[in-house]
Amino acid sequence: MDSDLNVLGEPLEECGTDPVTGFYRDGCCSSGPEDLGSHTVCAVMTTEFLAHQASIGNDLITPRPEYSFPGLEPGDRWCVVAGRWLQAYHAGFAAPVVLASTHVRSLDTIPLAVLRQHAVDVPADPSSLT
């Protein structure tokens, strides 16, 4: 996975380790042929994004230990499915995106200009994103 690039054409940076995210649960939004959903967008969870996802049947709040899923809360960084993020964008609930940690494969689904509109540096205190 050393060759993974971000949407800026640079080496992919870590998205989050508390909780540990990524399709491969390695902290990165790395992707490969097994990742059919394209869990490639490093998003910073907000109350609105989480509520929107729950309203469309994608519960990201409830822990699912059988899938190594801890349940998320505002401020968590998580590799989300590109199509789900785009769906939230169209509904007006896009979560902030960490471009350096968003896999280039997400560009198959989301234009870079759209991702840039929601780009954010993760603040030292992510609770401000609630």
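Only a predicted model underlies this, so the values are computations on that prediction, with no experimental measurement involved.
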> Can you tell if the side chain of D4 reaches within under 4.5 Å of the side chain of S31, non-hydrogen atoms only?
Replying inline: no

> Atom OG in S55, atom CD in E48: separation rounded to 0.5 Å?
Replying inline: 12.0 Å

> Quick one: are L115 and L99 in side-chain contact, heavy atoms under 4.5 Å?
Replying inline: yes

> Any side-chain heavy atom of R116 sitting closer than 4.5 Å to one from L8?
Replying inline: yes

> Can you tell me how far the CG atom of N6 sits from the OG atom of S106, to the nearest 0.5 Å?
Replying inline: 9.0 Å

>> For the backbone of C79 and the side chain of T21, can you confirm whether one donor and one acceptor N or O come within less than 3.5 Å of each other?
In response: yes

> In terms of hydrophobic clustering (I, L, V, M, F, W, Y; side-chain heavy atoms under 4.5 Å; direct or indirect links), are V41 and L5 co-clustered?
Replying inline: yes

> Given the rule that I, L, V, M, F, W and Y join up when any side-chain heavy atoms are under 4.5 Å apart, are L12 and L112 in one cluster?
Replying inline: no

>> Grouping I, L, V, M, F, W and Y whenever their side-chain heavy atoms are under 4.5 Å apart, do V80 and L86 come out in a common cluster?
In response: yes

> Considering all heavy atoms of both residues, which atom of A95 and which atom of V44 are nearest to each other, and what is their separation?
Replying inline: CB-O, 3.5 Å

> What are the two closest non-hydrogen atoms of T17 and G27, and how far apart are they?
Replying inline: CG2-CA, 4.3 Å

> With side chains defined as the heavy atoms from C-beta onward, is the minimum distance between D35 and R105 less than 4.5 Å?
Replying inline: yes

>> Same cluster or not: L60 versus Y89, using hydrophobic residues (I, L, V, M, F, W, Y) connected whenever any side-chain heavy atoms lie under 4.5 Å apart?
In response: yes

> Between atom CD of E13 and atom SG of C29, what is the distance when rounded to the nearest 0.5 Å?
Replying inline: 11.5 Å

> Which heavy atom in A88 sits nearest to a heavy atom in F49, and how many Å separate them?
Replying inline: CB-CE1, 3.5 Å

> Looking at CG of D76 and OG1 of T46, how far apart are the two atoms once the value is rounded to the nearest 0.5 Å?
Replying inline: 11.5 Å

> Nearest 0.5 Å, what's the NE2-OG1 distance between H118 and T102?
Replying inline: 12.5 Å

>> I want to check something: taking the side chain as every heavy atom from C-beta on, are Q87 and F93 in contact at a cut-off of under 4.5 Å?
In response: no

> Is the side chain of S101 donor-acceptor paired with the backbone N or O of V98 at a distance under 3.5 Å, no angle test?
Replying inline: no

> Hey, do the aromatic rings of W78 and H39 have their centres closer than 6.0 Å?
Replying inline: no

> Between P74 and T47, what is the shortest heavy-atom contact and its length?
Replying inline: CG-OG1, 3.4 Å

>> Around atom CZ of R25, are there more than 12 heavy atoms from other residues, nucleotides or ligands closer than 6.0 Å?
In response: yes

> Are I61 and F69 joined in one hydrophobic group, where the rule is that I, L, V, M, F, W and Y side chains link up if heavy atoms are under 4.5 Å apart?
Replying inline: yes

> Donor-acceptor pair, N58 side chain versus Q53 backbone, under 3.5 Å?
Replying inline: no

>> What I'd like to find out is whether the side chain of T109 reaches to under 4.5 Å of the side chain of W85, using heavy atoms alone.
In response: no

>> A side-chain contact here means heavy atoms from C-beta on lying under 4.5 Å apart; do E73 and M45 qualify?
In response: no

> Are C15 and C42 close enough, and set up right, to give a disulfide bond (SG atoms under 2.5 Å apart), and what steps lead you there?
Replying inline: CA-CA 6 Å; C15 180; C42 181; 2.1 Å; yes

> Just wondering, do V20 and D26 contact through their side chains at under 4.5 Å, heavy atoms?
Replying inline: no

